[in-house]
2 protein chains.
Amino acid sequence: MAVHAANAIDKRRSLLHETRCQNCSLSSLCLPLALELEDMEQFDAIIRRRAPLKKGESLFRQGSAFNSVYAVRSGSLKQVTTEGSGDDQVTNFYLPSELVGLDGIDEQAYPGSVIALETTTVCEIPFDRLDTLSEALPELRGQLYRSMSKELRDDRRMMRLLSRKTADQRLASFFSSLSDRFRRRGYSPYSFRLSMSRADIGNYLGLAVETVSRILGRFQQQGLVEVSGREVNILNLEALLAQAQEEP
Amino acid sequence: MAVHAANAIDKRRSLLHETRCQNCSLSSLCLPLALELEDMEQFDAIIRRRAPLKKGESLFRQGSAFNSVYAVRSGSLKQVTTEGSGDDQVTNFYLPSELVGLDGIDEQAYPGSVIALETTTVCEIPFDRLDTLSEALPELRGQLYRSMSKELRDDRRMMRLLSRKTADQRLASFFSSLSDRFRRRGYSPYSFRLSMSRADIGNYLGLAVETVSRILGRFQQQGLVEVSGREVNILNLEALLAQAQEEP
DNA sequence: ATGCCTCTATGATCACGATCAAGGAGGTGA
DNA sequence: TCACCTCCTTGATCGTGATCATAGAGGCAT
């Protein structure tokens with residue numbers, strides 16, 4: 001019994017420990033990136049832990065009231081916007097350290113649902129408290145501006161992809177980008193698992209599922225990648241990058 | 001002589017008058033929107049007037065150092081991103097009261113050139129001063145967050161347009177959106193002048209110039225709009241809106 | 001294991017819009 | 001005023017990727 005109790009306490013401690021920004025392995029990528037230890041504690045105090053989301057569960061639904069932004073701790077999510085009659089559009093994928101929900105500030109409602117692609121944990125950051133805190137912490141404010149600005153820049157890149165690139169280039173870009181994002185997070189840039197379906201990828205890239213399948217097959221034949229289900233092995237990243245940037 | 005001098009002084013005064021946020025006709029749309037008079041004066045103090053840009057002149061060039069954001073006072077501009085070898089992409093059009101340059105914060109450099117489509121005046125807002133001021137003025141800070149958030153939301157809408165809509169829907173959306181933006185600024189939503197070329201429109205919407213021309217012709221035949229060069233008369237806004245949102 | 005259902009792959013056909021081509025309109029500077 | 005150059009329009013053809021159709025593979029609960 002005593003042993004059990006001790007274990008329980010240990011567990012709680014370790015969970016608590018794990019769960020503070022100061023000890024988070026993502027702190028070098030995440031919002032508090034630029035903060036001093038003391039400031040980070042203040043920031044840490046406002047964030048709320050959430051129970052892990054299971055695959056398919058939604059962090060929030062399109063149209064629900066905006067209260068918080070969320071930092072992804074582990075797992076991944078997709079943002080889906082529904083317009084008119086059942087015509088969904090995947091507008092983003094989120095990986096650990098990325099900030100979800102910033103596009104809800106303006107109208108105080110989320111413009112799309114955000115759904116877990118696998119078991120996923122997030123930190124909830126109530127926006128009014130973040131805003132207040134950003135008053136006292138210029139570094140935090142700057143980081144927030146930068147996050148939004150980066151997202152704007154990424155959006156522009158996406159628009160370019162959607163309006164100028166061929167199907168092959170879109171997929172090459174997609175894999176290059178994923179590879180790069182994994183690399184930055186300390187994972188292998190060559191070998192990873194897709195948490196999203198072909199349908200999600202196609203929807204996101206403005207392509208039919210069949211096209212995604214076909215092109216993956218072709219990439220495989222060309223020796224660029226090795227794909228087995230959702231497992232991806234990038235065999236020739238340079239060629240993939242070249243393909244992604246090539247003129248049509 | 002005395003009359004001349006008086007006139008000159010009047011002119012200066014009126015220019016000065018014109019040029020303060022308190023008296024700007026755009027103040028209800030622009031960044032200082034939510035500010036009290038006193039706060040607005042503080043904000044007013046940091047903004048810099050710029051000589052008007054002539055058609056074709058650039059506000060800044062892609063890659064140049066980010067120092068300021070700009071609010072459009074009159075006229076219009078386009079944002080153009082060049083990638084690789086001479087392949088331009090128009091990523092945005094800016095109308096009066098809109099904020100230009102927010103996507104440069106992150107990397108401290110502008111990700112695209114911004115070019116005047118006609119004679120255009122802007123207010124320059126040095127970003128470091130804006131940031132500092134936003135510390136003291138929560139309303140200003142909120143407005144800035146909202147501006148960026150709105151741009152994010154607009155980007156998502158654009159992605160949807162580029163990846164799911166037909167050429168007809170894209171043009172219908174484009175005209176609807178322009179109409180709405182003019183309406184909000186107090187201009188006629190039915191009758192306006194395009195400041196951008198067909199090539200710019202096509203590039204922005206991911207369409208060939210020829211397609212733009214053809215579809216405008218068709219819209220005209222269908223009695224939706226009347227187009228003569230760059231003059232546009234919207235004859236049936238409802239139908240245009242319906243067309244824009246219709247499923248493919 | 002077994003069956004069900006979703007996800008993925010591959011083939012055949014079709015359509016939208018790009019591209020190529022050429023002529024006309026409109027604005028601008030000498 | 002004229003010539004030039006850019007912008008716009010219209011026509012003919014072609015290609016990429018969507019759509020339709022089918023079948024196989026893989027995950028999940030029972």
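Note that the structure is predicted; figures quoted are calculated from it, not measured.
- A straight line from CD of B:Gln220 to C1' of D:dT10 spans 14 Å, rounded to a whole angstrom.
- One atom, CD1 of B:Ile215, and another, P of D:dG11, lie 15 Å apart when rounded to the nearest Å.
- B:Tyr94 approaches B:Gln79 most closely through the heavy-atom pair OH-OE1, 3.6 Å.
- If you take NZ of A:Lys55 and P of D:dG26, they are 15 Å apart, rounded to a whole angstrom.
- Each of C:dC7, D:dG11, D:dT9 was ranked by its minimum atom distance to the side chain of B:Val209; first place goes to D:dT9.
- A heavy atom lying under 4.0 Å from DNA chain D marks the following residues of residues 193-206 of chain A, by number: A:Gly206.
- No side-chain donor-acceptor contact under 3.5 Å links B:Asn92 to the backbone of B:Lys78.
- Ion pair A:Glu151/B:Arg156 flagged as a salt bridge, since at least one NZ, NE, NH1 or NH2 atom sits closer than 4.0 Å to an Asp/Glu carboxylate oxygen.
- No hydrogens or angles were tested; on distance alone, nothing pairs the side chain of A:Arg170 with the base of D:dT16 as donor and acceptor under 3.5 Å.
- Formation of a donor-acceptor pair under 3.5 Å by the B:Gln245 side chain with backbone atoms of B:Ala242 is not found in this model.
- Within the 4.0 angstrom heavy-atom criterion, no nucleotide atom of any strand lies near B:Leu216.
- Using a cutoff of 4.0 Å between basic side-chain nitrogens and carboxylate oxygens, B:Arg50 and B:Glu124 are scored as salt-bridged.
- Ion pairing between a basic and an acidic side chain is recognised when a charged N comes within 4.0 Å of a carboxylate O; B:Arg160 and A:Asp87 show such pairing.
- Rounded to 10°, the angle separating the first-five-pair axis and the last-five-pair axis of the helix from C:dA1-D:dT30 to C:dA30-D:dT1 equals 50°.
- The nearest pair of heavy atoms linking B:Thr82 to B:Gln62 is N-OE1, 2.8 Å.
- In this structure, of D:dT9, C:dG17, D:dT19, it is D:dT9 that holds the atom nearest to the side chain of B:Ser213.
- For a distance-only test at 3.5 Å, the side chain of B:Glu210 fails to qualify as a donor-acceptor partner of the base of D:dC8.
- Look at NZ on B:Lys165: it is 18 Å from C1' on C:dG17, rounded to the nearest Å.
- When rounded to the nearest whole Å, the span between CG of B:Asp168 and C1' of C:dC16 equals 10 Å.
- Contact between the side-chain N/O atoms of A:Thr211 and the OP1/OP2 oxygens of D:dA18 is found at a separation under 4.0 Å.
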- Task: Go through the steps for A:Glu98 and A:Arg181 under the test salt bridge (charged side-chain N to carboxylate O under 4.0 Å, His left out), then give the verdict.
- Result: CA-CA 10 Å; A:Glu98 292 173 341; A:Arg181 285 156 85 186; 3.0 Å; yes
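- Between the P atom of C:dT8 and the CZ atom of A:Phe219 lies a distance of 17 Å, rounded to the nearest Å.
- Shown here are the salt bridge (charged side-chain N to carboxylate O under 4.0 Å, His left out) partners of B:Lys150, two or more places apart in sequence or in another chain: B:Asp154.
- Between A:Leu162 atom CG and D:dA18 atom P there is a gap of 12 Å when expressed in whole angstrom units.
- Across all strands, A:Ala167 comes closer than 4.0 Å only to sugar-phosphate atoms, never to a base (heavy-atom distances).
- A donor and an acceptor atom sit less than 3.5 Å apart, one in the side chain of A:Arg214 and one in the base of C:dG11.
- For B:Tyr187 and B:Phe192, the distance between ring centers is not under 6.0 angstrom.
- Spacing between atom CZ of A:Arg218 and atom P of D:dT16 amounts to 9 Å, rounded to whole angstrom units.
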